[in-house]
Amino acid sequence: MSEWTKFFAVRLPVAILAFGLAIEAAAALLSGVTLHRHNVDDLASAVMHDTRPYRTVLLGDSVTHMVATQFRIGDADEVADLTTHAYAGLPSELFLLKRYLESGHRPRHVVLAVSRHLFTEPMDNATFSYYITSVFKLPNERAFLQRYYSEYVNYEWRPAALSMTTTVGEPILSLLRHPGNQIWSSPERPSPNPSLEHIPGYSDDEGVFQKILSAPTDIRPEARAVITEMCRVSQRYQFSLHIVWAPLEPRLRAALIASGAVPHIDDQLREIFRQNQTAASIVDSSDRQDYPYFDHALIHIRGLGWEQVYANELAAYIHDFEAH
Amino acid sequence: MSELIRSDVLQDLQQVFRSVFNDDHITLTESTTAADIDGWDSLQQIKVILACEKKFKIKLRARDVNGLDNVGSMVDHLMSTIAKTTRQ
Amino acid sequence: MLFTDPKFLFLFLPFSLILFYLMRRYAGGKSTIWFLLFASAVFYGYWSVTYLGLLLGQVLVNYLLSRQLSRSHSMGQLWLGIGFNLLLLGYFKYRNFFLENVGALIGWHPHLTALFVPLGISFHTFQQITFLTDVAEEEDEVPPLPEYMLFVMFFPQLIAGPIVLHSQMGGQVSAVAAGKRPQEGTFGPGFALFCFGLFKKVCLADNLANFVDSAFQWPQHLQFIEAWSAAIGYCLQLFFDFSGYSDMAIGLGLMFGFLLPFNFNNPLAATSITDFWNRWHITMTRFFTLYVYSPLALATSRMASERNVQAFSAFWLCIAGPTLVTFLAAGLWHGAGWTFIVFGLVHGIALTINRGYREAKMRQLPTIVAWLLTMITVLIGMVYFRSQSMTQAHSILKSMFIPGRLALPLWADSVAQRLGLPVTFYSVFRAANFAAHDLFLLLVFAPLAIMLPNPSVRPKEIRPSYRTAFAVSAMLWLTMGWIGEPRTFLYFQF
């Protein structure tokens, strides 16, 4: 046999097999490692280990997360900050909440400080696995995802070598990170009267504006399933559920109210709560306070000081809920 | 008509190189390549070609600037061009 | 059809290979050539039968032209032939750009329907122009029609090069046609090289794509780090994409027993801009050097020496002028747009400066400084190359070189605020943690781009050892894991 024939007949197949088996073995060895690639990973494990008796759980997307990660919401150990971002979406809110509850915590209030588009937009296929499927692997979580998010998940077996970065690379990197097992809370408190930045020449991107205006306004079935499940656990674990809509750019908000999008979404949610006999409250943080500057995607608050305003507002809402 | 002698052409070419590269120590053999002479790139090659045109009283072409790998093939090309020119 | 398409990998390629080797063994050389032509036609026609017709038409016209030129050796006829080819290329590629700009000058705004640029037209048109020139200048002879057609249409190099000269391939094709014994030991190295190229494209280039595309979609919002990351990310993406494609093309050629010229030789390690172009898209550099720069430079040099032009003016006439003209053409060749022209200009100016520096015999810079200067120039060119408009390019460049505010990624923002630095948020990347992921990619891929070997330069040196086997198998596993939707190769718009 010539050398290359030997290569294709023997050496290459052997190498392919050996490589596949080696990775499979490494993946098996590393399968017990708790992943710590991003804050959703960190929270997924912290909720099960942090034993502090937080009175309120704060769930939310990146609008709130960007604020809560810098400034502690409320008093020390009062609020458990379980905020994530839109790519982890409603599934992350639900699963983090359930894990928190099933680890023995008994909060009195759960605040969902999200944006309305989490209920009406589809999830991002490219990041779903990274932020959700590979994080929430408990049997009931997998069942939920398989049932309501089936087009985003694939639980069929694949050789570990076909996704080396996930099966081997990420666990190894996670071993190098030691985020601690506590729910993060910023040591910094928002100042009660922060100096507010004014950005001259601020304007919205018209293309983004129009795109958001013409977005669908029906609550998607999977979002409906998440809220229904939250209602169910609220009854089981005896806490009050509150929705606090995250700040929205004022001009955009006015347009969305005028077009009927905002009332329509709120109405659909109220209907879901009614059907589940859950007395959840819906408030809009933009009702009490205008936030004038946003990023180019019209999603996140911009401008120094304005985030602290939102942090203070959220704390005020939470104290309101706790007082009643 | 005198016969063209290869070594004469090589000598003349060596003089061309010495003048273009301003280096009297340059010695050319049939196998000298661009790597052996410091700074002999396509830019200098143009100067060499022009100097050859003057010295041998021939006209060379653009593709000769880059097509030749070593001095030996240059000499070949020069000799055939000279022969062609004197025939006309 | 794309090389990363499963239909190509698991249907077209195996079948073509098997049939090729069978025909070569049992059916004789000529039939083998016809078969390869047929396969190449299928490969091109899969995308568009109409444009396959156009390609065949152009090839036939050029063949007749070359026959004529081999008899007459007339420069006038050569220019007519070149003109025909350039007009064809110009019509499809530059018509709209030309009309828009002329129209803007005279106040006429035509409604132009988008013209679909035939795949690979820039490449095979140039390849055919080289052949016409070579024939006219008596450097080459006209082979039989099927052999000429295969030289142009051989599917590995049909769509995006390497730009092959007939002198490099003609002999190989006629050897096959004559039924000579095939070269030994090319299939194995070809396969390994193909896998390597596939890996670079699917695992390296495509992983950078998400991040780079996002950044260039919002150029006016990029801040300092984001702008640099976008430029570096695109440079890496283009390198892996195009050199990966070239490796695949050369690997495929080898699998069929043909040795095609290599196109890349570690360009991101270049220590001068001249060095860079000797290592990046080498076959294109060679085309422009042989057929544009050298004739121009020789003509101007002759003129300069006849008129005794002094050194300084001579530099501008003989070096700067031809360099700028050549690179303006090269820039324009890449695409119909001002950004491409400026891309060419940036490199033309840089090359002129480089040559001037050398002509003036100034002190050689330390290697690291030279490398940095070269890379910064390349990155500036890349920003123009990738941007969709001049405004976008300029806003990115401004963020890179004149940053107004310091922008930090989300997770460093609290640190910066505490230090009182003027900051804004990282707004381009998908989500805060993805930004870390993408930056990590850059940090790993950048050294890879410089350190990865270049087997395409001497493919016969690839040994059938266990080491190669493990390298290939690692690449195959990684590639199969990532091969999702086939993305187009970046150089496909050409």
Side-chain angles (χ1 to χ4, degrees), chain B residues 12-13 15-26 33-88, chain C residues 73 75 78 130-131 133-140 165-168 272 274-275 277-278 282 285-309 311 314-315 317-323 326 351-352 354-361 364:
Chain B
D12 286 343
L13 189 58
Q15 265 185 298
V16 164
F17 267 79
R18 284 182 175 176
S19 125
V20 167
F21 288 91
N22 215 353
D23 181 358
D24 285 332
H25 301 291
I26 289 182
T33 64
D36 302 320
I37 304 214
D38 201 20
W40 183 14
D41 56 18
S42 54
L43 199 65
Q44 294 299 88
Q45 182 76 328
I46 294 184
K47 296 186 186 164
V48 168
I49 297 290
L50 283 181
C52 284
E53 285 192 339
K54 275 213 192 88
K55 191 138 192 115
F56 297 103
K57 308 239 184 329
I58 50 173
K59 188 135 187 225
L60 295 167
R61 298 167 315 173
R63 59 177 58 247
D64 305 331
V65 180
N66 293 302
L68 304 166
D69 295 322
N70 59 23
V71 169
S73 46
M74 267 192 91
V75 175
D76 291 335
H77 189 82
L78 284 170
M79 289 187 65
S80 65
T81 315
I82 295 171
K84 236 188 275 178
T85 319
T86 48
R87 247 185 276 132
Q88 283 163 359
Chain C
H73 299 295
M75 285 300 125
L78 173 62
T130 65
F131 182 66
T133 314
D134 289 350
V135 167
E137 293 188 349
E138 290 175 70
E139 284 296 307
D140 211 338
L165 300 177
H166 189 253
S167 56
Q168 293 167 317
S272 79
T274 313
D275 192 25
W277 283 104
N278 282 330
I282 297 170
T285 309
R286 181 175 45 218
F287 169 87
F288 276 104
T289 311
L290 276 177
Y291 295 91
V292 180
Y293 176 78
S294 296
L296 259 179
L298 195 57
T300 53
S301 298
R302 254 194 213 117
M303 211 169 32
S305 86
E306 273 161 28
R307 297 182 197 185
N308 259 318
V309 177
F315 172 77
L317 188 61
C318 311
I319 298 174
T323 306
T326 306
L351 277 161
T352 307
N354 187 215
R355 303 306 325 210
Y357 193 83
R358 281 210 250 160
E359 286 291 296
K361 298 214 191 329
Q364 212 180 16

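We name chains A, B, ... by the order of the sequence lines, and we start the count at 1 in each one. These numbers were taken from a predicted model, which means no experiment stands behind them.
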Next on the checklist: Before you tell me yes or no, could you show the steps for B/Ile46 and C/Ile319 under side-chain contact (heavy atoms from CB on, under 4.5 Å), namely the whole-Å CA-CA distance, both residues' side-chain angles and the distance that decides it to 0.1 Å?
Outcome noted: CA-CA 10 Å; B/Ile46 294 184; C/Ile319 298 174; over 6 Å; no
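The existence of a salt bridge linking C/Glu138 and B/Arg61 is excluded, since no basic side-chain nitrogen approaches an acidic carboxylate oxygen closer than 4.0 Å.
Here B/Lys54 pairs with C/Ser305 under the side chain to side chain contact (heavy atoms under 4.5 Å, CB included) rule; sequence neighbours left out. For C/Thr285, the side chain to side chain contact (heavy atoms under 4.5 Å, CB included) test picks out C/Trp277, C/Thr289, with sequence neighbours left out.
Looking at C/Arg358, only its side chain comes within 4.5 Å of chain B, counting heavy atoms on both sides. When heavy atoms are compared at a cutoff of 4.5 Å, C/Glu137 approaches chain B by way of both its backbone and its side chain. With a threshold of 4.5 angstrom between heavy atoms, C/Ser167 does not approach chain B through any atom at all.
Between chain B and the residues C/Thr274, C/Asp134, C/Thr133, the most heavy-atom pairs under 4.5 angstrom are made by C/Asp134.
In this structure, B/Leu60 and C/Leu298 approach most closely via the heavy-atom pair O-CD2, 4.1 Å.
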